[in-house]
There are 2 protein chains.
Amino acid sequence: MTFDVPGAPEAAPRPSRATLRDVAHLAGVSIKTASRVLSGQPNVRDETARRVREAARTLRFRPNRLARDLRSGAVSTAVGFVIGDLSNPFYTQIAAGAERLLREHGLELFIATSDEDPERERRVTLTMLERRVRALFVVPVADEHAYLVPEQQLGTPMVFIDRPAVDVAADSIVLDNRRAVREATERLIALGHRRIGLLADRTGVWTASERVAGFADAMRAVGTADWQRWVHRAHDVGTARSVATELLAGPDAPTALFALNNRITAGVIDALAGAPDPPAILGFDDFEFAPTLGISVIAHDPVDLGRRAAETALDRLGGRTGMPQQIVLPTRFIPRGSGERPPREHGS
Amino acid sequence: MTFDVPGAPEAAPRPSRATLRDVAHLAGVSIKTASRVLSGQPNVRDETARRVREAARTLRFRPNRLARDLRSGAVSTAVGFVIGDLSNPFYTQIAAGAERLLREHGLELFIATSDEDPERERRVTLTMLERRVRALFVVPVADEHAYLVPEQQLGTPMVFIDRPAVDVAADSIVLDNRRAVREATERLIALGHRRIGLLADRTGVWTASERVAGFADAMRAVGTADWQRWVHRAHDVGTARSVATELLAGPDAPTALFALNNRITAGVIDALAGAPDPPAILGFDDFEFAPTLGISVIAHDPVDLGRRAAETALDRLGGRTGMPQQIVLPTRFIPRGSGERPPREHGS
DNA sequence: CTGAAAGCGCTTACAG
DNA sequence: CTGAAAGCGCTTACAG
């Protein structure tokens, strides 16, 4: 359905945009004085300021930040945020956490998506730097970031989130993936589970490797040498669903399924909906309906990841120097039926 | 946990950033020739181009977009996107849909959040315009946008999403809220429900009013004059939970609950988890676990909302003039247990 | 194929 | 308290 809004005006002739020069002219002052008034600098007579403001209003003057930022140091008040995908809440909640803190410091967010593609990540990151963002946040997919070294040396603070920086000495904020998965696996083992199907993201994904390592730690500790046969790969809801379905239909079906991220957990839940004798399910990443669905999760707060990243960048902008830091945020195990509700941005 | 990364270098002395002038100088050409090479213009001898590119590489030259955009029309390749909240997937999926299309046209996304606050919405919108964004997308909370009129007359395409523009004649993309809720209510009535508890967002929210109107249409059609007594208000998961709990405990408890957005649906689900004799639940907005939880939904695709908005803006940028349009996207009713899976960005 | 000049719209540094 | 000049780093328009 498409229809015209009744009574809407014809496209008006386009007046051109008023500049500071126009305002100054109309107010009968120099361009510098107009600049003073409109950017809140002192030392202008009240009457003069009033005239300038009125001229600005009359002309509907809006300053040009491009020009302003260019002149004053070629650094804008924008910060760049590179994430994998805007439709994945994990990423956007990180951005939300960072944004909240940044805007208290007068900074704005420029978000670009890498589509989980290393080459595109590189391209959009460089574009952000061309805009002279004041700081850069990356939830990296690529593991090659040497191209950022010169930019970093030029003083742009960079913070890597969820996965550490590899070949650039930048600050990073990560979760304690390995420990979390080791301890959760130990719980499953303590409950008597031995056939634990692990569904991990693709090899090469740093968080997946860390989490699998935690699983290996726990399995080896109880003498399970062939732990690798329990490790399966999935990357999205669809593949996770198929893998889970196959696993349960096969011989030697697992008594527990451990999904290593929220997308995989969703697939597993899908596969098991209405199954007669469902295995225990454990998921890395908390999600809203976990309590309702009776699923144990390893919980953490993406918003907090973002907030910590912003803190780190603000620190650097504030002049803190020294070695890059890696901050490791703890996760929390929430067993099913615990009734515990972790704090969330929305609701609960 | 916080620790220093071992072996990280001391903060290096900051070299200053190379400009086009530096590159030209090193390559022994004029600044204009360097510009030609690096911005891909023709008419440069191969050998000259090679020298320039090498100089650029040596100096790690990165063009300054602020300067480029300022010179060439003072319009950047960024588009502005104002949403209520980065941690609400409904908004970010809209942004995802728009971004995908826009980037095919070489445009980048600048996202700002209004925090659902009209005054803040106004402020961030104006800041975007100061950055001379090429187009502006707004999922509005305010219902006063007259201040955008001059900007629009200056030729910045604006598209309102999910809620129409009120006092500025801009294009908009909305859902068929009223019809969708009327028809869904009719279904409930056909199933024999008469005591239908409606949980709507705050009065003043345009989508809420439309949806309530649809409910009224259906209730009046079957002679229910006192339909208003079934309308309750909630704004987030928490309030929706309390309202739902109260409703069910009260006398004359509803046999069906109709939640008018995804946040409210989540609250209702929460309230009903484990209830002995739960009412039917119907929710506006689709969500991933609706099939698993056995909930009927009014489905639509936020990604598509964003895509259509981007199409509209690109059209305007391409020179289409004429009256602003309001595009109404249809929704789909998905009954519980239908097994139907709507297409989603992630998974399924 | 190449370059010198002017200018985008502001702010900085300096002078009065 | 106010202003004329210079310049941020590029590209446009023009000339050769």
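Note: hydrogens, waters and symmetry copies are ignored here, and every other heavy atom, side chains too, is used. Residue numbers start from 1 in every chain, and the chains themselves are labelled A, B, ... in the order their sequence lines are given, proteins ahead of strands.
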(request) Grab the CZ-P distance between Arg45(B) and dT2(C) for me, whole Å please. (result) 5 Å
(message) Can you tell me how the ring of Phe137(A) sits relative to the ring of Phe81(A), calling it parallel under 30°, perpendicular over 60° and tilted otherwise?
(response) parallel
(request) Determine the minimum heavy-atom distance between Leu101(A) and Arg307(A), stating which atoms define it. (result) CD2-O, 3.6 Å
(request) Taking salt bridge (charged side-chain N to carboxylate O under 4.0 Å, His left out) as the test, write out the residues that go with Arg120(A), two or more places apart. (result) Glu99(B)
(message) Please find the pair of heavy atoms, one from Arg163(A) and one from Tyr91(A), that lie closest to each other, and give the distance.
(response) NH2-OH, 3.2 Å
(request) For the side chain of Asn43(B), starting at C-beta, report the closest nucleotide among dG3(D), dG9(D), dT2(C). (result) dT2(C)
(message) Starting the side chain at C-beta, find the nucleotide from dT11(C), dG7(C), dG3(C) nearest to Ser30(B).
(response) dG3(C)
(message) Can you tell me if Ser35(B) touches the phosphate of dT11(D), counting only side-chain N or O atoms and a distance under 4.0 Å to OP1 or OP2?
(response) yes
(request) Let me know the distance between CZ of Arg132(B) and C1' of dC10(C), rounded to the nearest Å. (result) 11 Å
(message) I want to check one thing: is the phosphate of dC1(C), taken as OP1 and OP2, less than 4.0 Å away from some side-chain N or O of Thr48(B)?
(response) no
(request) Nearest whole angstrom, please: distance from the P of dA4(D) to the NE2 of His25(A). (result) 13 Å
(request) Whenever both distances are under 3.5 Å in a Watson-Crick or G-U wobble pair, mark it; put DNA chain C into dot-bracket that way, with [ ] for crossing pairs and | when the partner is on another strand. (result) |||.||||||||.|||
(message) Rounding to an integer number of Å, can you tell me how far Ile31(A) CD1 sits from dC14(C) C1'?
(response) 17 Å
(message) Both Thr19(A) and Val44(B) contact DNA chain C. Taking the nearest nucleotide for each, which residue is further toward the 5' end?
(response) Val44(B)
(request) Specify the separation, in whole Å, of atom CZ of Arg71(B) and atom C1' of dA13(D). (result) 9 Å
(request) For residues Gln326(A) and Val174(A), report the shortest heavy-atom separation together with the two atoms involved. (result) NE2-CG2, 4.0 Å
(request) Calculate, to the nearest 0.5 Å, the distance between atoms CG and CG belonging to Leu107(A) and Leu317(A) respectively. (result) 7.0 Å
(request) Compare the minimum distances between each of dT11(D), dG3(D), dC10(D) and the side chain of Ser39(B), then state the nucleotide with the smallest one. (result) dT11(D)
(message) Let's see if you can work this out: which of dC10(C), dA13(C), dT11(D) has an atom nearest to the side-chain heavy atoms of Leu20(B)?
(response) dT11(D)
(message) Rounding to an integer number of Å, can you tell me how far Asp22(B) CG sits from dC8(D) C1'?
(response) 13 Å
(request) Please report, rounded to the nearest Å, how far the P atom of dC8(D) is from the CZ atom of Arg21(B). (result) 8 Å
(message) From C-beta outward on Thr33(B), which listed nucleotide comes closest to its side chain: dT2(C), dC10(D), dT11(C)?
(response) dT2(C)
(request) Starting from P on dT2(D), measure out to CZ on Arg36(A) and report it in whole angstrom. (result) 8 Å
(request) Find out whether the Lys NZ or Arg CZ of Arg122(A) is both under 6.0 angstrom from the six-membered ring centre of Tyr147(A) and within 45° of the ring's axis. (result) yes
